[in-house]
Trainee: 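One structure, pasted below without further comment.
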Amino acid sequence: MIRDKSAGKPAKDAPKKDAGKRAAPAKASFRRERALIKRGVWPIAGCDEAGRGPLAGPVVAAAVILDPDRIPRGIDDSKRLTAEEREKLFDRICATAQVSVAVASRARIDRDNILRASLWALKRAVVALPEQPRHVFVDGRDRLDTECDCEPVIGGDGIVLSIAAASIVAKVTRDRLMCALAQDCPGYGFEQHKGYGVPEHLDALNRLGPTVHHRSFFAPVAAARAKHMPWTVEPVGDLFAVTEVELQVEAGVEIDASLGL
């Protein structure tokens, strides 16, 4: 019997053994911007924010209009880059693109809530651009109240290059601000964790209490304030408590009603 020598050999298009491994995520691209440019839409901006999750510090929003002929290589979602890579790209983006930044303070976050403060900062960043865009890509699901077309893109900082550039500018700017705050508030480690709720930060909150830069209504901050500054915490009444006067009034109503029967 003649055996087929190819028997048992994997086909050329057969998946390899390591095909089950997760492929590296694709980098952000300029594809959506180029599609709009071909339709005559320009300028096009991307915007993103940094600092929605931390317990302290501001939210920083950035808007960027990339020059199609001078796009720095290596732009990607800021979370996929090292601090050194972000710093280098920050300088290159600012040197070749139109860039603006807006900051929502801790006081605004406390007053408006974190979502509204973030959207406010994003809109301010777009308005502050040297040239007003005709189309804006924004990271997330919320559309900005801008005069131009606004297109939200979930996970946009890893998809749309203009948003990725804005994410780098926002991240680097906020990191620098938090390092500056660390000099005014030693012991909290702002220069390391940038205000996020890591164990070291939570421990410092428990030991030292909150600073003026901490967001009052975030749960760990509120707990630390109640421990270190209980006089600043307003007591909340029991909505289900019934006072003696209310009981007497209710009893009187029942008696009057029974007499009328």
Side-chain angles (χ1 to χ4, degrees), residues 22-37 39 41-66 75-81 86 89 93 97-129 132-175 194-197 215-220:
R22 290 185 180 180
K27 288 188 175 182
S29 74
F30 202 64
R31 179 178 57 83
R32 297 195 186 199
E33 292 92 334
R34 291 199 186 280
L36 287 172
I37 293 172
R39 290 164 42 195
V41 178
W42 183 260
I44 302 164
C47 57
D48 196 8
E49 48 72 27
R52 282 181 65 167
L55 305 177
V59 167
V60 175
V64 174
I65 299 176
L66 291 171
I75 294 177
D76 200 5
D77 179 358
S78 62
K79 297 185 291 296
R80 299 176 186 166
L81 304 171
R86 288 195 296 266
L89 284 166
I93 293 168
Q98 298 183 50
V99 177
S100 64
V101 172
V103 177
S105 67
R106 185 276 311 163
R108 178 173 287 275
I109 294 169
D110 282 353
R111 188 191 73 182
D112 296 346
N113 77 40
I114 187 61
L115 175 59
R116 290 180 181 176
S118 299
L119 295 177
W120 176 87
L122 287 165
K123 180 180 177 179
R124 290 270 305 209
V126 172
V127 172
L129 282 166
Q132 285 306 290
R134 289 182 56 194
H135 193 97
V136 175
F137 290 107
V138 59
D139 183 46
R141 63 178 70 250
D142 297 298
R143 192 183 306 274
L144 303 179
D145 182 19
T146 56
E147 295 184 1
C148 64
D149 292 335
C150 180
E151 182 178 345
V153 182
I154 297 176
D157 47 4
I159 300 172
V160 182
L161 203 66
S162 296
I163 298 179
S167 77
I168 293 170
V169 173
K171 173 64 174 170
V172 171
T173 301
R174 187 178 187 279
D175 284 356
K194 308 304 186 291
Y196 283 87
R215 302 171 183 179
S216 301
F217 299 105
F218 282 45

Trainee: Side chain of Asp157, backbone of Asp77: donor and acceptor closer than 3.5 Å?
Mentor: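 No, the answer is negative, given that no donor and acceptor are paired below the 3.5 Å cut-off.
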Trainee: Work out which heavy atom in Pro133 is nearest to a heavy atom in Cys148; give both atom names and the distance.
Mentor: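 That closest heavy-atom pairing would be O-CB, 3.2 Å.
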Trainee: Do Pro43 and Arg134 come within less than 4.5 Å of each other through their side chains, counting heavy atoms only?
Mentor: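 In contact.
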Trainee: List the atom of Cys47, the atom of Ala166, and the distance in Å for their closest heavy-atom pair.
Mentor: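 Heavy-atom minimum between the residues: CA-CB, 3.7 Å.
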Trainee: Any side-chain heavy atom of Arg32 sitting closer than 4.5 Å to one from Ile159?
Mentor: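 Touching, per the 4.5 Å side-chain cut-off.
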Trainee: Can you give me the closest heavy-atom contact between Lys27 and Asp76, atom names plus distance?
Mentor: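 Shortest heavy-atom separation between Lys27 and Asp76 comes out as CG-OD2, 3.5 Å.
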Trainee: Tell me whether Arg143 contacts the main-chain N or O of Cys150 through its side chain, where contact means a donor paired with an acceptor under 3.5 Å.
Mentor: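 Side chain of Arg143 to backbone of Cys150: a pair is present.
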Trainee: Under 3.5 Å, which donor-acceptor pairs do the side chains of residues 114-126 form with other protein atoms, sequence neighbours left out?
Mentor:
residue, atom, partner, partner atom, Å
Ser118, OG, Ile114, O, 2.8
Lys123, NZ, Asp145, O, 3.2

Trainee: With the side chain counted from C-beta on, respond yes when Ser78 and Ile168 share a heavy-atom pair under 4.5 Å apart, and no when they do not.
Mentor: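 The answer is yes, as the side chains (C-beta and beyond) meet within the 4.5 Å cut-off.
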Trainee: Just so I know, are the side chains of Phe217 and Ile109 near enough to count as touching, which here means a heavy-atom distance under 4.5 Å?
Mentor: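 Sidechains of Ile109 and Phe217: no contact.
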Trainee: When you measure from the side chain of Arg108 to the backbone of Val59, do you find a donor-acceptor pair of N or O atoms at a distance under 3.5 Å?
Mentor: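 No, Arg108 side chain to Val59 backbone: no donor-acceptor pair under 3.5 Å.
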Trainee: Which heavy atom of Leu81 sits nearest to which heavy atom of Arg86, and what is that distance?
Mentor: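 Nearest pair, atom of Leu81 first, then Arg86: O-NH1, 2.8 Å.
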Trainee: Do Ile75 and Leu66 touch side chain to side chain, with heavy atoms closer than 4.5 Å?
Mentor: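 Counting from C-beta outward, Ile75 and Leu66 do come under 4.5 Å.
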Trainee: Measure the spacing between CG of Asp139 and OG of Ser162 and express it to the nearest 0.5 Å.
Mentor: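 Answer for the CG-OG pair, Asp139 versus Ser162, is 12.5 Å.
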Trainee: Judged by atom type as modelled, is there a donor-acceptor pair below 3.5 Å linking the side chain of Glu151 to the main-chain atoms of Val136?
Mentor: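 Side chain of Glu151 to backbone of Val136, a donor-acceptor pair under 3.5 Å: no, none is there.
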Trainee: Start with the C-alpha distance between Ile37 and Phe30, add both sets of side-chain angles, then the distance that settles side chain to side chain contact (heavy atoms under 4.5 Å, CB included), and finish with yes or no.
Mentor: CA-CA 11 Å; Ile37 293 172; Phe30 202 64; 4.0 Å; yes
Trainee: Might you point out which heavy atoms bring Ala97 and Ile65 nearest each other, and give the distance in Å?
Mentor: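 Heavy-atom minimum between the residues: CB-O, 3.2 Å.
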Trainee: If only atom types and distance count, is the side chain of Asp110 paired as donor or acceptor with the main-chain N or O of Arg215 below 3.5 Å?
Mentor: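 Not confirmed, Asp110 side chain does not pair with Arg215 backbone.
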Trainee: Could you tell me the separation between the NZ atom of Lys194 and the CG atom of Asp175, rounded to the nearest 0.5 Å?
Mentor: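 The CG atom of Asp175 is 5.0 Å from NZ of Lys194, to the nearest 0.5 Å.
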Trainee: State whether the side chain of Ser167 and the backbone N or O of Asp48 hold a donor-acceptor pair below 3.5 Å, judged by distance alone.
Mentor: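 Not at all, since once roles are kept as given, no pair shorter than 3.5 Å links the two residues.
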Trainee: Does Ile154 offer a backbone N or O that forms a donor-acceptor pair with the side chain of Arg141 under 3.5 Å?
Mentor: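 Not confirmed, Arg141 side chain does not pair with Ile154 backbone.
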